Amino acid sequence: MFEKVLTKNIKIPESRNIDFYLKHGGYKSFQKVLKEMEPDTVIQEVRDSNLRGRGGAGFPAGVKWGFVPKNNDKPHYLLCNADESEPGTFKDRLLMTGDPHLVLEGIMIASYATRSGKAYIYIRGEFVEEACILDEAIAEAYQKGFLGKNIQGSGYDLDMYVHRGAGAYICGEETGLIESLEGKRGWPRIKPPFPAVAGAWQSPTIVNNVETLACVPSIIEKGAAWFKAIGPEKSPGPKLYCLSGHVKNPGVYELPMGLNLKDLIYEYGGGMLNGNKLKAVIPGGSSVPVLTADEIDVAMDFDSLAGIGSMLGSAGAIVMDDSTCMVDALLNLIHFYRHESCGQCTPCREGTNWAERILRKIEHGEATLKDIDLLEEVGAHINFRTICPLGDAAAMPIASFLQKFRKEFEAHVEQGKCPLNSNL
Amino acid sequence: MEVKFSEAALKEYDAIVKKYPERRGALLPVLHLAQREFGWISRDAMRYISELLDIPLTNVLDTASFYTMFKLQPAGKYHIQLCSTLSCALRGSRQIYEHVSQKYGIGDGEVTPDGKFSLLKVECLGSCGTAPVVQINDDYYEDMTIEKLDKVLDGLK
């Protein structure tokens with residue numbers, strides 16, 4: 001029986017309170033690293049656990065921390081990426097509202113390991129209430145001596161702040177986030193240099209997702225071997241799965257990595273809404289290739305989903321039933337990417353705009369079969385030609401929707417209208 | 001009207017600036033503060049911020065114009081932001097948009113003549129499990145239906 005690690009407290013009303021957190025063993029891991037562990041030992045433990053980044057890329061967190069150069073005089077920064085904006089993803093919000101001190105403790109340990117003296121939680125601007133909850137939690141942590149100067153007599157100093165974004169998906173990309181933290185447009189930077197070497201204010205900076213950081217206290221408490229034993233060895237640990245769209249019980253489900261997508265939908269999600277037939281699932285947030293109903297017998301972990309040509313991404317599964325027009329669904333997503341493209345790279349800025357116009361034509365029955373080929377070409381010309389992955393994120397749905405549902409696109413052309421009269 | 005922070009806002013401003021190693025880092029929170037104080041970010045407000053932070057006006061304009069949450073023109077007293085991205089769309093956000101639009105006779109990005117309501121279609125609000133979701137000013141209203149939203153809207157003074 002899997003015991004919840006990240007969401008065990010979220011339903012308890014007083015879980016936001018530091019006294020509750022302390023009473024249930026909270027901040028023990030942070031105290032342990034301060035007293036017993038060198039920063040490099042902490043990095044090694046997290047590296048051994050094979051904790052992979054929960055923001056979408058799946059990069060091993062411990063390896064990332066290890067990129068921070070040793071023996072330099074610059075200040076180091078730890079940034080918690082709470083800019084949760086990937087369509088279909090709503091897990092970090094749950095952690096921040098339900099167990100904010102767990103997130104804070106993860107940040108503290110990561111800051112110590114990377115020898116950072118300042119940590120910022122970059123939270124999307126729309127999450128006003130969540131930002132207040134974090135501010136209160138931070139104030140409590142200062143009061144109890146877990147933040148500030150000479151924490152718990154260890155000689156380690158750490159300050160932590162909440163930084164609110166202001167409505168821009170691109171700031172979830174780590175270098176866009178850094179630019180935004182510096183008060184600029186969220187325009188991603190060309191890498192290298194990587195943030196670990198020259199990030200915020202050109203200083204060594206580590207950016208980790210909320211859920212990634214929330215895994216850290218239990219790794220320190222129970223050890224890397226314990227963590228590694230949960231789910232598949234190559235991408236282990238507890239995982240928050242988000243389920244939305246045409247399912248009976250949408251929501252966040254914490255289960256071991258490697259959960260079968262079919263079980264997520266039918267067992268945990270209660271099956272399809274109104275008993276309708278499943279048509280398609282985007283398994284990892286809107287940016288990953290779509291799966292057909294025949295492809296959902298798959299383990300939700302980084303490698304298994306990559307094995308069938310999709311991605312785990314942020315594990316935000318968007319479920320669509322057979323009443324969904326795939327052209328209109330893609331149009332909705334490409335509209336999103338067009339709107340959120342930062343405008344820096346021509347292929348993305350122009351390509352998403354062009355793709356949206358073609359899709360609108362197809363959806364309204366005003367396109368020719370050639371337009372479908374053109375759409376495919378436009379998508380292919382965005383892919384891998386931009387500074388950041390937003391371009392790829394727009395190109396992948398285009399390619400996969402066309403590959404798997406091309407007949408529907410053609411039906412729009414042939415009938416001169418949307419066969420389903422969709423209006424998303 | 002002179003654009004100037006109140007005493008309380010200036011105190012907040014001082015606390016904000018201390019959080020960042022460089023002054024421009026404070027720009028986003030100061031823009032949020034200005035929007036809360038003045039309701040929206042006018043060119044005069046930008047000039048004021050540029051003087052306060054001692055950074056060029058172009059930097060303030062450059063940043064303020066990038067982010068959708070910064071209102072560069074006045075919005076309604078109640079700013080209704082309807083999520084229209086896929087998970088909400090699958091759950092009927094389009095119908096909710098059309099209803100609100102008809103109810104107040106305003107389209108996307110418009111304000112009612114009395115200045116009470118403004119309507120804006122926004123991209124994913126990160127609350128897809130409780131779709132469709134509507135944000136009115138700072139507050140989220142989740143699992144919305146036309147009936148539930150009407151109740152909320154009709155209760156706004």
Side-chain angles (χ1 to χ4, degrees), chain A residues 75 83-90 92-94 118 120 124-129 159 161 163-169 171 180-187 200-201 203 242-246 250-252 273 282 286 316 318-321 324 328-329 332-333 335-336 339-340 342-343 423-424, chain B residues 15-16 18-33 35-36 53 55 59-60 62-71 81 83-95 97-98 120-131 133 135 137-140 142-143:
Chain A
D83 191 52
E84 187 160 66
S85 310
E86 171 80 5
T89 315
F90 44 97
D92 298 338
R93 182 181 180 215
L94 186 75
K118 270 190 179 153
Y120 294 90
R124 64 176 298 171
E126 293 87 347
F127 284 172
V128 182
E129 187 192 348
D159 285 310
Y161 309 108
H163 179 95
R164 286 178 61 212
Y169 169 69
C171 296
S180 182
L181 178 70
E182 292 182 0
K184 301 170 191 159
R185 299 182 152 228
W187 278 13
W201 298 286
S203 290
C242 315
L243 189 59
S244 67
H246 293 140
V252 178
L273 194 67
I282 304 174
S286 64
I318 306 172
V319 178
M320 292 171 268
D321 69 19
T324 314
D328 210 9
N332 181 289
L333 291 180
H335 170 82
F336 171 82
H339 188 270
E340 299 303 327
C342 78
N423 188 17
L424 287 179
Chain B
I16 290 168
K18 286 195 188 102
K19 297 177 182 175
Y20 301 91
E22 285 179 15
R23 295 180 86 81
R24 190 169 175 181
L27 186 50
L28 259 68
V30 172
L31 282 165
H32 276 301
L33 181 64
Q35 183 155 288
R36 215 180 65 212
L53 284 172
I55 58 175
N59 286 358
V60 182
D62 187 53
T63 297
S65 60
F66 183 76
Y67 298 91
T68 53
M69 283 180 73
F70 294 134
K71 300 172 198 148
Q81 301 144 87
C83 178
S84 53
T85 313
L86 191 56
S87 295
C88 279
L90 293 171
R91 290 282 191 151
S93 64
R94 161 79 65 177
Q95 288 69 31
Y97 168 78
E98 279 165 6
L120 189 67
K121 271 198 214 174
V122 294
E123 298 304 328
C124 187
L125 285 172
S127 188
C128 323
T130 48
V133 58
Q135 185 170 23
N137 295 344
D138 287 349
D139 300 322
Y140 274 47
E142 303 173 37
D143 279 318

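Order of the sequence lines fixes the chain letters, A, B, ..., with proteins taken first and strands second; residue numbering starts at 1 for each chain. Owing to the predicted nature of the structure, the values given are computational and were not obtained by experimental measurement.
- When all heavy atoms of Pro29(B) and His163(A) are compared, the closest pair comes out as CD-CE1, 3.8 Å.
- Distance check, rounded to the nearest 0.5 Å: CZ of Arg164(A) to CG of Leu33(B) gives 10.5 Å.
- If you measure heavy-atom distances from Cys342(A) to chain B, the contacts under 4.5 Å come from both the backbone and the side chain.
- Interface summary for chain B: among Gly186(A), Ser85(A), Ala200(A), the most heavy-atom pairs under 4.5 angstrom belong to Gly186(A).
- Across all non-hydrogen atoms, the minimal contact from Cys128(B) to Gly88(A) is SG-N, 3.2 Å.
- Atom CD in Gln135(B) sits 9.0 Å away from atom CZ in Phe127(A) (nearest 0.5 Å).
- With respect to chain B, the highest number of heavy-atom pairs below 4.5 Å among Arg124(A), Glu86(A), Lys118(A) belongs to Arg124(A).
- At distances below 3.5 Å, not a single donor-acceptor pair connects side-chain atoms of Arg91(B) with backbone N or O atoms of His246(A).
- Interface remark: Gln81(B) contributes no atoms to any contact with chain A (heavy atom separation under 4.5 Å).
- Within the 4.5 angstrom heavy-atom criterion, only side-chain atoms of Glu98(B), from C-beta onward, approach chain A.
- For the pair Arg93(A) and Ser127(B), the tightest heavy-atom approach, listed with the atom from each and the gap, is NH1-OG, 2.9 Å.
- Neither the backbone nor the side chain of Leu94(A) has a heavy atom closer than 4.5 Å to any heavy atom of chain B.
- Using a 4.5 Å cut-off between heavy atoms, Arg185(A) contacts chain B through both its backbone and its side chain.
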Practice item. Just do the side chain to side chain contact (heavy atoms under 4.5 Å, CB included) check on Glu126(A) and Met69(B) with the steps written out, would you? Key: CA-CA 8 Å; Glu126(A) 293 87 347; Met69(B) 283 180 73; 3.8 Å; yes
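- Within the model, atoms NZ of Lys19(B) and CG of Asp159(A) stand 11.0 Å from one another, a figure rounded to the nearest 0.5 Å.
- Across Leu53(B), Thr85(B), Val60(B), the residue that shares the most heavy-atom pairs under 4.5 angstrom with chain A is Thr85(B).
- Nearest heavy-atom pair across Leu90(B) and Val319(A) is CD1-O, 3.6 Å.
- Considering only heavy-atom pairs separated by less than 4.5 Å from chain A, the leading option among Glu22(B), His32(B), Arg23(B) is His32(B).
- For chain A, the nearby part of Tyr140(B) is the side chain; its heavy atoms alone come within less than 4.5 Å.
- Remark: Lys184(A) does not engage Asp62(B) in a salt bridge, criterion side-chain N to carboxylate O under 4.0 Å.
- If you measure heavy-atom distances from Ser180(A) to chain B, the contacts under 4.5 Å come from both the backbone and the side chain.
- With a threshold of 4.5 angstrom between heavy atoms, Tyr161(A) approaches chain B through side-chain atoms but not through N, CA, C or O.
- Looking at Thr324(A), the atoms closer than 4.5 Å to chain B (heavy atoms on both sides) all sit in the side chain, from C-beta outward.
- Tyr67(B) and Ala166(A) get closest at one heavy-atom pair: CB-O, 3.2 Å.
- Note that CG of Leu243(A) and OG of Ser87(B) are 9.5 Å apart. Values are rounded to the nearest 0.5 Å.
- Once rounded to the nearest 0.5 Å, the distance linking CZ of Phe90(A) with SG of Cys124(B) reads 9.0 Å.
- Here CG of Asn332(A) is found 7.5 Å from CD of Glu123(B). Values are rounded to the nearest 0.5 Å.
- In terms of the side chain to side chain contact (heavy atoms under 4.5 Å, CB included) criterion, residue partners of Thr68(B) (sequence neighbours excluded) are, by chain and number, His339(A).
- Taking both residues in full, the closest heavy atoms of Ala168(A) and Phe66(B) are given as CB-CE2, 4.0 Å, listed atom of the first, atom of the second, then distance.
- Contact of Ser93(B) with chain A is not made at all, since no heavy-atom distance falls under 4.5 Å.
- Two rings, from Tyr120(A) and Tyr20(B), have their centers less than 6.0 Å apart.
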